[in-house]
Structure formats: C-alpha cells, structure tokens
Amino acid sequence: MSLTQIHDQAATWREMELPDSWPDDTSLDTFQRLSRIARQLISHTVQRVELPDNLPGMALPKYLLQEFHSLPNGNFSKNIAGGYIRSFDAVMLGTVPRMRRAIAGRFANAGVAVDIGCGGGHMARALKDAGIAEVWGIEPSPYLLQLAAKNHKDIKLMQGLAEQLELPDQCADLVTLCFVWHEIPPRYAELAIREIYRVLKPGGHLAFIEPSPVQMQHSKWQLLRRYGWRGVYFNILAGRVFEPFINAWHKRDIDSWLPAAGFDIIEHDTGMPLRTVIAQKPAS
C-alpha cells in the first residue's frame, strides 16, 4: 500500500455535523452551563471528558479523555476547542508560529510531510505554505480535525493516533509534532517513536517543538533576571494549565532516547519557552 491509496478524510470531516458536547449544548440551562465553564477556567479543576454518545470516528484511548490545558471538556467541544486554536499563538506570544515557519522553511524541499497531532492545522499550514507538495495532518479529536478541515482545505487529513499510525512504511520525508509529546504517556510515546521511524523514508527527518523545561526548573526571580517579564509569564502559564504527562516528558533523556530508537540527532535546542529537536533516520 502506498500513501496515495490512503483516503483523505478532509472533505468528510469538513461536511460532517458533529454532536454538541456539554459546553456547546444550548439545550442545557444557559446559566448553569456558563457557570460550570467559568468555575473550571477560574479554579483550574479538571474532570474526565464527557463524550457525546453519537460522536463519530475511532475509539479513543483513555489518556486523551482528560481536560488538557485546564479547558472544560478538553479538546472535545466545538466552542472551547475553537477558542483554544484561535488563542494559542497569542498566549505563546508569537514564539510558536515563528518556530513553525522556521522548521517548515528548512524542509521546504520535502515531498511528503506528516504532522502528527495537527490540532487545528497550524503546523500543517506552515508546511504547505513553505512549498511542500503533500501535507498530511493526523489528529484524534473530531472537533479539532473538523476545524483543520474547514480552515485548511488543501491539507490532507485523517483521524489517528501517534502510537498507531495508519500509514504505509517509508512514506514520508518529514514528520513533525508541535506540542504533542508532552501530552502522550511514556509507554505510548515509546510506541509512537517506533511508528514515526517506520513511516519515515531513509534519510527522512523528524522535527518537533515542545515546551521548554527551563520555565519549570527555575524560580521566578531567576527567570526574571535571565529572560525578563517573559520568563515569569511562561513560568506562571506552565503552572496554571493541566498537563498530566509533562513531568514525565521533561524527565526523558532525549539525547539517548532518539538514538536508541534509531535516529541521529541533528539539533537539540533547549531555549525558553520552546525546546526544538531535529533528528534524522539514517539513509541506509
């Protein structure tokens, strides 16, 4: 099977009528619904995600059904997920889009790129804008997938998981992930890195952007002295959002993990607020 035989689901997700989850359901008492949303946003309490009974698509692993980023119902709501996608780059003070563009420009000659955990499609958009002919976005949340399908009609999309890519062997020149690894439990990350190695062509590249551990390892005073008010801002932000697997991710020794999975590390930059890594699958 080749990548050309994989069905592009973008049109299907674009046209599909997704069911309302509780933050969207206007049939509920408006005051109670808005009060619940406000309480969770202010108090940063987290609950298990409540999926509508008739949600289309694949069965989702339990680890995804958490209120990541302290968002009411996490990534499973039309309104909340849409607001998150629209506001993310601003909350990150423009640092992430600049890094997306830098990575995309560096690999503009790639023939096929796969963006895992594509969310609303920002990284995939950067790859396409850089001139990459064929860009695929993989995303488990139907709500985020629909946003990507509606906003980026020239991106190929499919529902899927990093640890179980329904893609053929050696089909991609480039695989990207943006703010995804720290949202995957360690044992699933082990499966995902093997999957990425499998789908990359020999000589292909893996590039990812993650939150930097620096903003969590130092005091506000140390960050203020070194990075100014932005250092304090990102420290507070990191402490205010719910990221259940981020500590395990920061404990991972990337410089030994990627070579153990068969990759050569080309760059590993732990800056602030972003960590960026570029690795390559050996050509032979």
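Please read these numbers as outputs of a predicted model, since none were measured by experiment. What's counted below: heavy atoms across the whole structure, side chains too, no hydrogens, waters or symmetry copies.
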Answer yes or no: is there a donor N or O on one side and an acceptor on the other, between the side chain of N235 and the main chain of Q215, under 3.5 Å? yes
Side chain R125, main chain N151, donor-acceptor under 3.5 Å: no
Would you check, one step at a time, whether the test salt bridge (Lys or Arg N to Asp or Glu O under 4.0 Å) holds for D115 with K156? CA-CA 10 Å; D115 183 42; K156 299 178 184 292; over 6 Å; no
Considering only heavy atoms from C-beta outward, does the side chain of D20 approach that of K78 to under 4.5 Å? yes
Below 4.5 Å, heavy atoms only, C-beta onward: do W13 and E139 meet side chain to side chain? no
When hydrophobic residues are tied together by side-chain contacts of less than 4.5 Å, even through go-betweens, does M272 share a cluster with L224? no
Would you indicate whether D264, at its atom CG, is surrounded by more than 12 heavy atoms from other residues, nucleotides or ligands within a distance under 6.0 Å? yes
Which heavy atom in G105 sits nearest to a heavy atom in A130, and how many Å separate them? N-CB, 4.1 Å
Close side-chain approach of I236 to K220, heavy-atom, < 4.5 Å: yes
Under a 4.5 Å cut-off applied to non-hydrogen side-chain atoms, are F76 and P142 in contact? yes
Using a 3.5 Å distance criterion without hydrogens, assess whether the side chain of Q170 forms a donor-acceptor pair with backbone atoms of V199. no
With rounding to the nearest 0.5 angstrom, report the CD1 to CD distance, I80 to E67. 9.5 Å
Can you give me the closest heavy-atom contact between L3 and P168, atom names plus distance? N-CG, 3.6 Å
Can any side-chain N or O of Q66 pair as donor or acceptor with the backbone N or O of Y63 at less than 3.5 Å? yes
Looking at CD1 of I196 and CG of L167, how far apart are the two atoms once the value is rounded to the nearest 0.5 Å? 11.0 Å
Would you call the rings of F68 and F245 parallel, tilted or perpendicular, where under 30° means parallel and over 60° means perpendicular? tilted
Should the ring pair H69 and Y84 be called parallel, tilted or perpendicular, given that the plane angle runs from 0 to 90° and is split at 30 and 60? parallel
Taking T270's backbone N and O only, do any of them form a donor-acceptor pair with S212's side chain (distance below 3.5 Å, no angle check)? no
If you define the side chain from C-beta out and look only at heavy atoms, does anything of E267 sit under 4.5 Å from D269? no
Begin with the C-alpha distance, continue with both residues' side-chain angles, and end with the deciding distance and a verdict on side chain to side chain contact (heavy atoms under 4.5 Å, CB included) for I278 and F107. CA-CA 11 Å; I278 295 173; F107 296 104; 3.8 Å; yes
Hey, are the side chains of V91 and Y233 touching, using non-hydrogen atoms and a 4.5 Å cut-off? yes
Does L258 share a hydrophobic cluster with Y188, counting links as ILVMFWY side-chain heavy atoms below 4.5 Å and allowing steps through other members? yes
Give, for atom NE2 of H152 and atom NE2 of H122, the distance between the pair rounded to the nearest 0.5 Å. 6.0 Å
Between R98 and L93, which heavy-atom pair has the shortest distance, and what is it? NH2-O, 3.9 Å
Shortest non-hydrogen contact from P56 to P19? CD-CD, 3.9 Å
Salt bridge (Lys or Arg N to Asp or Glu O under 4.0 Å) assessment of K153 paired with E15: CA-CA 12 Å; K153 295 184 179 180; E15 297 164 5; over 6 Å; no
Taking the side chain as every heavy atom from C-beta outward, state whether L223 and F234 have any atom pair closer than 4.5 Å. no
For R252, salt bridge (Lys or Arg N to Asp or Glu O under 4.0 Å) partners two or more places apart: E190
Same cluster for L71 and I246 if Ile/Leu/Val/Met/Phe/Trp/Tyr side chains link at under 4.5 Å? no
Salt-bridged, D89 to R100, with N to O below 4.0 Å? yes
Show your working on side chain to side chain contact (heavy atoms under 4.5 Å, CB included) between E195 and I116 and close with a plain yes or no. CA-CA 11 Å; E195 280 288 85; I116 297 175; over 6 Å; no
Measure the spacing between CG of D154 and NZ of K128 and express it to the nearest 0.5 Å. 5.5 Å
In sequence, state the C-alpha distance, the side-chain angles, and the governing distance for I6 and E166, and then conclude on side chain to side chain contact (heavy atoms under 4.5 Å, CB included). CA-CA 9 Å; I6 301 293; E166 299 295 333; 6.0 Å; no
Using modelled atom types and a 3.5 Å cut-off, is there a donor and acceptor pairing between side-chain atoms of R275 and backbone atoms of E210? no
So, using ring pair (Phe, Tyr, Trp, His ring centres under 6.0 Å) as the criterion, who are the partners of F179 when residues are at least two apart? F88, H182
Heavy atoms of I85 and G120 approach each other most closely as CD1-N, 3.4 Å
Are L237 and V214 linked, directly or through other ILVMFWY residues, by side chains that come within less than 4.5 angstrom of each other? yes
Quick check on W229: does its CH2 atom have over 12 non-hydrogen neighbours (other residues, nucleotides or ligands) under 6.0 Å away? yes
Rounded to the nearest 0.5 Å, what separation is found between the CD atom of Q9 and the CD atom of Q146? 13.0 Å
Evaluate I193 against L206 for side chain to side chain contact (heavy atoms under 4.5 Å, CB included), listing each step before the verdict. CA-CA 10 Å; I193 198 64; L206 163 65; 3.8 Å; yes
Same cluster (ILVMFWY, side-chain, under 4.5 Å), L18 and L51: yes
Between K281 and D173, does any side-chain N to carboxylate O distance fall below 4.0 Å? no
Kindly compute the distance separating CD1 (I254) from CH2 (W249), expressed to the nearest 0.5 Å. 4.0 Å
If we ignore hydrogens and angles and just use 3.5 Å, is the side chain of D8 paired with the main-chain N or O of L157 as donor and acceptor? yes
Taking the side chain as every heavy atom from C-beta outward, state whether L165 and V114 have any pair of such atoms under 4.5 Å apart. no
Hey, does the side chain of Q164 reach the backbone of L161 with a donor-acceptor pair shorter than 3.5 angstrom? no
Search all heavy atoms of I155 against all heavy atoms of G137 and return the closest pair with its distance. CG2-N, 4.2 Å
